[in-house]
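Just so it is clear, the structure is predicted and the values come from calculations on it, not from any experiment.
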Amino acid sequence: MSAEESVDGGDDEEGPGIREGVERSSGDPKVLLAMNAVLSAWFAWMVVWGLDLLGAATLSARNVATLALILFAVTYVAVLR
């Protein structure tokens with residue numbers, strides 16, 4: 001029995017599995033936007049910190065916020081497509 005069969009091959013008496021539940025769930029857009037904002041800010045801080053370490057940019061709140069807004073906008077547009 002493969003791993004996929006063991007996950008999907010549960011008893012039908014239990015009802016729909018997790019896959020069907022996830023596929024039908026639309027999620028809360030506010031949670032997705034909050035996650036996007038937090039992850040964009042964290043990633044922007046890491047990138048600017050690395051650039052500061054290399055001497056290519058200054059680690060400042062303005063640089064981190066600018067990159068975070070750009071990342072947030074790009075991921076938002078990419079997800080809506």
Side-chain angles (χ1 to χ4, degrees):
M1 180 182 280
S2 71
E4 187 174 320
E5 289 174 356
S6 65
V7 172
D8 292 338
D11 293 349
D12 288 334
E13 297 170 4
E14 295 176 10
I18 188 76
R19 179 175 296 194
E20 290 84 9
V22 170
E23 288 174 350
R24 284 186 281 171
S25 175
S26 62
D28 187 6
K30 292 179 279 191
V31 172
L32 296 176
L33 290 174
M35 284 177 51
N36 187 8
V38 169
L39 292 173
S40 294
W42 176 76
F43 187 71
W45 181 82
M46 293 294 292
V47 168
V48 174
W49 175 80
L51 290 172
D52 183 52
L53 194 63
L54 295 173
T58 304
L59 180 60
S60 68
R62 182 180 209 155
N63 288 344
V64 172
T66 301
L67 184 57
L69 285 173
I70 292 168
L71 288 171
F72 182 88
V74 168
T75 55
Y76 183 77
V77 168
V79 169
L80 286 180
R81 284 181 37 141

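- Heavy atoms only, all atoms of each residue included: A41 and A68 are closest at CA-CB, 3.8 Å.
- Here V79 is tied to no hydrophobic group at all, with no ILVMFWY side chain closer than 4.5 Å.
- No side-chain heavy atom of N36 sits under 4.5 Å from any side-chain heavy atom of L32.
- A distance of 5.0 Å separates CZ in F72 from CG in L33, rounded to the nearest 0.5 Å.
- Residues W42, F43, W45, M46, V47, V48, W49, L51, L59, V64, L67, L71 make up the rest of the hydrophobic cluster containing L53, defined by ILVMFWY side-chain heavy atoms closer than 4.5 Å, directly or through other members.
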